Amino acid sequence: MSGKYWLLKTEPNEFSIDALKAKGNQGEPWDGIRNYQARNFLREMTLDDTVLIYHSACATPAIVGEAKIIRTAYDDYNALDPNSKYFDAKSTPEKNRWSLVDVCFVEKWAKPLTLSQIKTIAELSAMKLVKQSRLSVSPVTAKEYDAIASLR
DNA sequence: GCCAACGTTGGC
DNA sequence: GCCAACGTTGGC
């Protein structure tokens, strides 16, 4: 089991880890990423990479479980759909600015690792999640992942 | 609901 | 290419 590690944020009101679980093996297109830095990380993802699922903009922001990449980056069709809330007038079928990946549920943790806990752990205090709070897709180092895994 | 952080847009 | 204005994210 090798591969890279990532963290994806989602608002549980919009799409929770339970909603991802309900999708089963077919997984879910992780759409709506409209930030270049986040998009670039999406494009670096490879098959079977581990994804930490983080609930943001809720009562207790926390890492709540794990997922994996089941399809690597492809054009975000929502950007071309005028009826989508993710429509982007500057994207065309030839030059689509945005990408998405498909993600599949792996595991929901019995005990979420909260942001406030994360901030108190030395090995995790440099996480992009902490340093760049508005970034919705971020890399996680192997060291960080090990520290997180040992805490749950 | 407030507000800090910060990415994006557009005038010049 | 600079930078002010604006919009969004997300913790609290």
Side-chain angles (χ1 to χ4, degrees), chain A residues 4-23 27-45 49-69 72-141 143-152:
Chain A
K4 298 181 290 259
Y5 303 99
W6 307 95
L7 182 142
L8 290 178
K9 288 186 191 177
T10 183
E11 297 186 20
N13 293 338
E14 298 283 324
F15 190 79
S16 69
I17 190 162
D18 294 321
L20 181 62
K21 184 179 184 179
K23 295 287 176 177
E28 173 76 1
W30 206 264
D31 56 15
I33 301 298
R34 292 292 179 270
N35 166 286
Y36 288 109
Q37 203 181 348
R39 182 208 64 185
N40 291 343
F41 287 133
L42 287 181
R43 291 179 176 176
E44 290 178 28
M45 293 176 176
D49 278 359
T50 298
V51 174
L52 297 170
I53 300 294
Y54 177 88
H55 281 173
S56 68
C58 56
T60 310
I63 300 171
V64 293
E66 280 182 37
K68 66 178 178 181
I69 301 299
T72 55
Y74 57 103
D75 282 357
D76 187 346
Y77 47 87
N78 296 291
L80 307 176
D81 176 6
N83 296 318
S84 170
K85 63 175 172 175
Y86 300 125
F87 177 67
D88 171 29
K90 291 180 181 169
S91 285
T92 65
E94 294 72 33
K95 277 211 161 176
N96 193 324
R97 300 200 295 179
W98 305 112
S99 299
L100 52 75
V101 296
D102 286 2
V103 169
C104 179
F105 174 84
V106 172
E107 186 183 10
K108 183 180 178 178
W109 293 351
K111 272 185 70 181
L113 183 62
T114 67
L115 178 62
S116 62
Q117 286 177 279
I118 289 169
K119 285 177 172 172
T120 66
I121 297 156
E123 296 96 316
L124 302 181
S125 58
M127 280 186 76
K128 267 222 160 33
L129 171 71
V130 178
K131 293 285 175 188
Q132 228 177 309
S133 64
R134 294 177 57 213
L135 188 60
S136 57
V137 180
S138 58
V140 174
T141 68
K143 214 175 193 176
E144 287 163 352
Y145 179 81
D146 290 345
I148 290 163
S150 73
L151 284 163
R152 61 179 192 94

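Protein chains get the first letters and strands the later ones, always in sequence-line order, with residue 1 at the start of each. Here the structure is a predicted model, which is why all the values come from computation and not from measurement.
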A:Y54 OH to C:dG10 C1', in whole Å, measures 8 Å
Mind calculating the distance between NZ (A:K128) and C1' (C:dT9) to the nearest angstrom? 17 Å
Closest to the side chain of A:K90, out of B:dT9, C:dG11, C:dG10, is B:dT9
Under 3.5 Å side-chain donor-acceptor pair for A:S84 and A:D81: no
For the residue pair A:Y77 and A:W98, is the inter-centroid distance of their aromatic rings smaller than 6.0 Å? no
From the candidates B:dT9, C:dG10, C:dG11, the one with an atom nearest any side-chain atom of A:K9 is C:dG10
Rounding to 10°, can you tell me the angle the first-five-pair axis of the helix from B:dG1-C:dC12 to B:dC12-C:dG1 makes with its last-five-pair axis? 10°
Specify whether A:F15 and A:W30 have parallel, tilted or perpendicular ring planes, treating 30° as the upper limit for parallel and 60° as the lower limit for perpendicular. perpendicular
Nucleotide-resolved protein contact map, nucleotides 2-7 of chain B, B/S/- at heavy-atom distance under 4.0 Å: ---BBS
Intermediate values then yes/no, side chain to side chain contact (heavy atoms under 4.5 Å, CB included), A:T10 and A:L20: CA-CA 11 Å; A:T10 183; A:L20 181 62; over 6 Å; no
What residues form a side chain to side chain donor-acceptor pair (under 3.5 Å) with A:S116, not counting sequence neighbours? A:T114
Nearest non-hydrogen partners of A:S125 and A:K131, listed with the distance: O-CE, 3.7 Å
Once side chain to side chain contact (heavy atoms under 4.5 Å, CB included) is applied, do any residues pair with A:E107, and if so which ones, sequence neighbours excluded? A:W109, A:R152
Please give me every residue in residues 77-86 of chain A whose heavy atoms get under 4.0 Å of an atom in DNA chain C, ordered by residue number. none
Would you say that A:L129 contacts A:L115 through its side chain, given a criterion of any heavy-atom pair below 4.5 Å between the two side chains? yes
Could I get the full list of salt bridge (Lys or Arg N to Asp or Glu O under 4.0 Å) partners for A:R34, not counting sequence neighbours? A:D76
Residues, nucleotides or ligands: over 12 heavy atoms within 6.0 Å of A:K9 NZ: yes
